[in-house]
Amino acid sequence: MEHSHAALATVHAVSYLRFIVLFPLLGVLFNIFAGPRVGRRAINLVSPGVVLLSFFFSFAALLQLPPGGALVDTVYTWITAGRLQVDFALRVDPLSATMILIVTGVGFLIHVYSTGYMAHDEDVARYFAYLNLFTASMLLLVLGDNLLLLFVGWEGVGLCSYLLIGFWYTDDEKASAGKKAFIVNRIGDAGFLLGIFLLFWSLGAKGVWTLSFAEIQTHAGLLAVETVTVICLLLFVGATGKSAQIPLYVWLPDAMAGPTPVSALIHAATMVTAGIYMIARLHFLYSMAPTALAVVAIVGALTAFFAATIALVQTDIKRVLAYSTVSQLGYMFLGLGVGAYSAGVFHLMTHAFFKALLFLGAGSVIHAMSDEQDIRRMGGLKTKMPITYGTFLVACLAIAGFPGLSGFFSKDLILEETVASPHGSVVLWLIGTLTAGLTAFYMFRLLFVTFWGETRAPHEVAHHIHESPTVMTMPLVLLAVLSFIGGYFTLVPFLAPVFGGHHPAHVSALVKYLPTVAGLAGIGLAYQMYVRDPAMAERVAQRYAAVYRLLLNKYYVDELYDRFVVQPVVAASQWLWRVWDTVIIDGTVNGTAQTVAANGLLLRLWQTGNVQVYALSFLLGAMVILGYYLW
Amino acid sequence: MITPPPVNWLSLLPGLILTVTGLLILFWDLWMKPEERRLLAWLGFIGFVAAGIVSVLLWGRNESAFNGMLALDAYALFFNVIFCVVGAMTILMSVHYLETVEIQPGEYYALLLFATVGMVVMAAATDLIVIFLGLETMSIAVYVLAGMWIRRLQSSEAALKYFLLGAFASGFFLYGIALLYGATGSVQLDKIATAATTGGVSSLFLVGIALLIVGFGFKVAAAPFHVWTPDVYEGAPTTVTAFMAVGVKAAAFAAFARVFLHTFGSLHAEWEGILWVLAVLTMTVGNITALVQRNIKRMLAYSSIAHAGYLLIAMVAGRDLGGAALLYYLVAYGVMTLGAFGVVLAVGRQGEPNEEVSDYIGLGLRYPVLGAAMTVFMLSLTGVPPLVGFTGKFYIFSAAVQAGYIWLAVLGVLNSVISAYYYIRVVVNMYMYEEGGKTIEALSARPALVTAILLAAVATVFMGVFPSASISLAKESFLPPG
Amino acid sequence: MVPISYHLVLSGVLFTIGVMGVLLRRNTIIIFMAIELMLNAVNLSFVALARHLGSLDGQLIVFFVMAVAAAEAAVGLAIILLVFRGRETVNADELNLLRW
Amino acid sequence: MVSAVVFIPLCAALILLFIPREEEEITRRVAFGATVLTFLLSLLLLVEFQSDTADFQFVERFSWIEDFGIQYAVGIDGISLFLVLLTTLLMPLVILSSWDDIHKRVKEYLFFFLLLETGMIGTFVALDLFLFYVFWEVVLIPMSFLIGIWGGPRRIYAALKFLLYTMVGSLLMLVAILYLAYLHHAQYGTVTFDLLQLHKLTIPPETQIWLFAAFALSFAIKVPLFPLHTWLPDAHVEAPTGGSVILAGVLLKMGTYGFLRFAMPLFPAAAHAAVPVIMALAVIGIIYGALVAMVQPDLKKLVAYSSVSHLGFVMLGLFAFNVEGVEGALYQMLNHGLSTGALFFLVGVIYERRHTRLISDYGGLWKQVPVYAAVFLVVLLSSIGLPGLNGFVGEFLILLGAFGANPWAGVLGVSGVVLGAVYMLWMYQRVMFGPLRHVENTKLTDLSRREVAVFVPLLALMLVMGMYPKPFLIRMEKSVEATLARIQLARPLPDPTTPGVERAGDRDAIQEVSHSATD
């Protein structure tokens, strides 16, 4: 378990960090204005090119990073209002260095892949504009030197995911998936905002008016534990929204409506990891609030298990991977929740590699199967798409935690820390291990059903299945290599200056090896059910029909949300508008006007036209006045 | 030989000029050929202008004449100018109108002049009986004027109603004078004032005041006594209605203010309660009933009742605050209402009189100048800045607030909102409806009427934006106490 | 010497009779006569008060009032005649062309 | 110089009268030229504005009606500077956009707009309460005409409702103004309506309450604050495009400006007492406006209710009584002017082509009119407060300030952020995404050159104000601090029961703020 207060890093002011964010933005401008006119070839060159440039600059920053220190590039003061002073400043320290390398590295590969994947889509300029904008926002998120800039990136990526999910906007269903993603994210962001406010004012109450990470870290001690707990929980709400944890994960499975490379980049490698990065960045707050950490761990573990169970029965290739991502994110939160911040970030990195690979592999399969996504109509692709199959196999082994590959190192590190760290507990470890088994099972189920056996695809689809072009397979291979060797770049020493020193956890052998055994068991079971005895899956499905249907319908969570959240809100607003606004408020307004007019009609009758009536009213008036005086 | 008493002729000069012009018109009319009738109008106009100029020249004098019966002071001269302007404008408006409604011009202009003489006397009178005399000369002349549109039955009915109720009211008024005479031993205003301050206020005195309020209430068309106004205003020829709405009302207020604000100034506590109630009643009845009116003349009648209500607020605000506000608002009200009636005249036609509010549909678009003028008058009557109506109301309400009658001001303000509806409805009809709408005679054929309207419009805007000149005039001319 | 209050009461009674006359009678001419009655009631009170106060003003005022009443009568009857010629009736109830 | 900005539009309006009716092109050019000239002049004001002093600049003062102590006094400070600029910016755009959609009675249309501009600018620069009231009322008439003559089917009802509703409030304010003048007379012997003199009045708290109530009612109707808002949707739906833009863009800000300039500094004790009520109404307004906007079938009504929600935010910021909240509110006023103004222009564009405002009549427009859809998207994102654009800066500061003053207000306010995204995106999807169902939509033409010219300045400003708000905030800082110092001095003893995380920290911050302001 790291002790949280590392010595304050020595800071070097530099001025080139801004270009890391600027290059993708230039790409965006190029695509918007020059894109439609300049033709596909230029776009395919420029868009990945800008991301590559950012990658080189990030790498340069990594090299120039002083040991245990940080690079800060203050561009200009953004907002000054009263006591709030926010600068547009970028910071690179070991944590953000890892993140920008992942984002630009994996991002670049995915950009290259996309040029192939979107080869015959005519709206490619708009696609790459969004993709570049996403990269820029993600880089801003991880490079932001204060909480507000992080939030700017946070919402920026939310916007890009909305745009990219709804990229093929002509289909209503895809457009509403994008809308759903944005709104659920916005709910999370609302919590995030509240966290920022509470942090700002509680620090302010102590006379410290700031939002920048460094100052927060130095003055964190001033805050009461209860306030810090509430702050951490609020920020965690934002994290659940962005990183798709219970209860705000519902948008991720629907986000598969977007193009596959988008899912690979946004919904596997980078955006969904924003929540983890945020908690890692504010680790000093979370370690001050044990209850908050416990909540993070529990939610993480539960989500991991919950999502894994759903993934068991999904038939759409991308949905399986989506739930797998939710589950793996659960693992990362579990890691963070037990105080093993570097383990969590390490798993984040390895996950980025193999999950991106899985998605791109799935993309190339869908591409080959002329947009067929249901695995029950696939099969036997092993021979026809060797490279995709090979890389897919490596990724499956990695995610299943097969010893030697990256997944094994990062996942097991988390599970070990769950037991060893004071914040951890054996129950969480048990859930983690069980989920490891489930993960292995559904990954290899996917592998066997899609690649092994004979093709169940209809004839005209089957006969022109072919391996994807090199521009798509080359990223697959690279990612496979990364997934393979990723495990050996254990980030723990590299991240030590950020999270404080770390002494390796020594645990019993059982704890160390049981997860691997569970993984292998999962693979075996999958092999048995889908290769040795294909009918077995059917039999199991019949025997536990109720459970099967429950899992297939994703525990009916979407329907519940719709019934208990969306419908009541819409009904309430209909009522508010129809009844409250028009009848009650407008009614009173028009009512007063009518009553005055009614009195007018009444008074008008006073003019009967008869002189003597007038004389009478005259007399009455006179008598009243006289009466007043005689008393 | 009885030496004629030293008569201060100067104090009578404006009245004399008017009387002489009236008589001249009557005689000249005898041997005039029908087509030369228009000249009479110009003679009358010159008479009014001359009297007006004389009053201005006499400015600054402060003498009493006919041993205390008449006063030649800024107050009287201020009102003289108002009456002459009103008279002149009425003549301008009626030059063409008389031909359409076949009224004998000769008698018409003479009666106008004699009525104005009555008003001048009322404004200058410092003796109750002289006020009564002025009141009666004016009223009798206006009774006849109201009935001169022989073609139309409503006109004679209006004259009858006005006559009967007028006489009835002056009965009460006279009874009030008698009781006051009994209580104070004199009818001279200054003697009454000293009697009020020195001696105790006997119940006879109070009843006298009450009856005076009733008499003035009728003339000023305050709430319970206003019932005659709509019928008479609708029935009478439009020019006479304008004359009545502005001239007669101003004269009534002149006497009312002189008697109550000066003579009974010290008894303010006695009568301010009654006037408070009267003011609220008048405003509210006037505004609310006007909402539902379809005939524009009747609507303007109720609007004049409502404005009488605002003027009563000025009265309630008392001498030092309300007096000047009253004078200023009278001028403002006069200008706006005359202008409005001018436009009503312009829209009226030989065939159907076009008096329904709905007849104004699409008018603003086809006759932009007329439309703009009417909009200015309507907005000013509502009290929208920067027009004179607003400055007038502002002056009155600030007087009321400073005198401590916050609620009166609030009620006055709410009434303005109600009034906004029916004034703006006319403007809405003129501009916001496209279909339908009547055509009216070419305006070029009626230069005099158009000049009157434009004069009124310019005055409404100018006095609103640069009111300081007229305000200081009003302040100066309101009689310093005693 | 008869106290002044008697005179005032008498003129009050006369005045009220006049007012009642105006309210109750149908014929406009009778109404006008009732108004004249009211004016005379006022004249009575003027004279009584003048004597009571020992000043001549009251007496003098009576003449003004009478003169005015005469003028009013002349004009009033002319108007009533005009109405009659137009409407063949002087009945107050029927004269309600102008209403609400 | 300020008077020039105020009265150039009026002179142009008068000049218009003399141009013959058929010469539409010349009338339009004259009007456009006048508004551009006013805009340039106001830019001059911006350039010469010193941001280091809180008191009024470019003050021009000469007596108007001495008897009442009324002066023609105009001047600008941090608070009113940008509102004037917003007005002078939107006007040329409105006239530019009316080139295409207004073809009947062009002369009157432009006349009323120029009159309106004078009224609006006058309201923002008036330092004399009487002058303020005159301009406040003057604005009503041209606006009612604009709605009444060039509006939609129910235009007359909407125009009359707008006029009478606002008039009730403003006339009650008149009585309060008169009472203030009387108080000044009672305490200092002279009657005056000058704002700075009236600041010196010591008004007992009970009278402050009803005076504040009268002012607050008038401004709340204009804002519009929750229960008094029903005139807004009618007025917006029926008003012509240009009318809606100005109505939403500027007229609503006169209410909030009134609160900040008059109601709060003149009656600080009452303002403090009213904080819970107004904050509650503001929060209700935010949520209510958003919810009702969600279910609107009519595009313009949706944007109208969104204005209710946005202005609810501004009120929340104003009554947080801390520098962040108030500056956020001021900033949000500008943002709302830009984003909602742009939204109404956008609605106007498709309304001119399809003559329907129902969302169901549209669908899948992106494919047909991509440039229009892109502009719509950027404006929409600015309206829901996406970081990087101007909406976010305003909303963030408001919620930050509100949270500091009363955490629960902050929490409920944040829900407005979510609801905002919901109704806007749902509308956007129904209009822009999905297949091209209606055949009429296939004939839609994309933005013309002139229409693009209208949107370019707005979009540019949205981006600049989002990325680099410092120049705006700096200029507001001093005036806001001075006003707040005035309000805080009359702050009742903060009883411990009221939640307010910032109580402790706030007091010392206020002390040094008030020192800087008063010395």
Subject >> Per-residue contact mode, D:I70 against chain B (heavy atom under 4.5 angstrom) >> reply: side chain
**OP:** Heavy-atom distances under 4.5 Å only: say whether D:L172 touches chain B with side chain, backbone, both or neither.
**Re:** both
**OP:** Name, in order of residue number, those residues of residues 200-223 of chain D that have a heavy atom at a distance of less than 4.5 Å from a heavy atom in chain B; otherwise write 'none'.
**Re:** D:W210
Original post:
Between B:F397 and D:Y179, does the ring centre distance come in under 6.0 Å?
Top reply: no
Subject >> Part of D:K104 lying under 4.5 Å from any heavy atom of chain B >> reply: side chain
Subject >> Part of B:Y395 within contact of chain D (heavy atom distance under 4.5 Å) >> reply: both
Original post:
Any side-chain heavy atom of B:K393 within less than 4.5 Å of one from D:L174?
Top reply: no
Original post:
Are any non-hydrogen side-chain atoms of B:L414 and D:L171 less than 4.5 angstrom apart?
Top reply: no
**OP:** Anything in residues 145-158 of chain D with a heavy-atom distance to chain B below 4.5 Å? Please list those residues in order.
**Re:** D:F145, D:G148, D:I149, D:R155, D:I156
Subject >> Whether D:W64 side chain and B:S468 backbone form a donor-acceptor pair below 3.5 Å >> reply: no
Original post:
Between D:I141 and chain B, which part of the residue has a heavy atom less than 4.5 Å away: side chain, backbone, both or neither?
Top reply: side chain
Subject >> Interchain contact, B:V428 with chain D, by part (heavy-atom threshold 4.5 Å) >> reply: side chain
Original post:
Given a strict heavy-atom distance threshold of 4.5 Å, which part of D:L140 is in contact with chain B: side chain, backbone, both, or neither?
Top reply: neither
Original post:
Which bit of B:L379 is near chain D, if near means a heavy-atom gap under 4.5 Å: side chain, backbone, both or neither?
Top reply: side chain
Original post:
Between B:F394 and D:F130, does a ring-ring contact (aromatic ring centres under 6.0 Å, His included) hold up when you go through it step by step?
Top reply: CA-CA 10 Å; B:F394 176 82; D:F130 179 85; 4.5 Å; yes
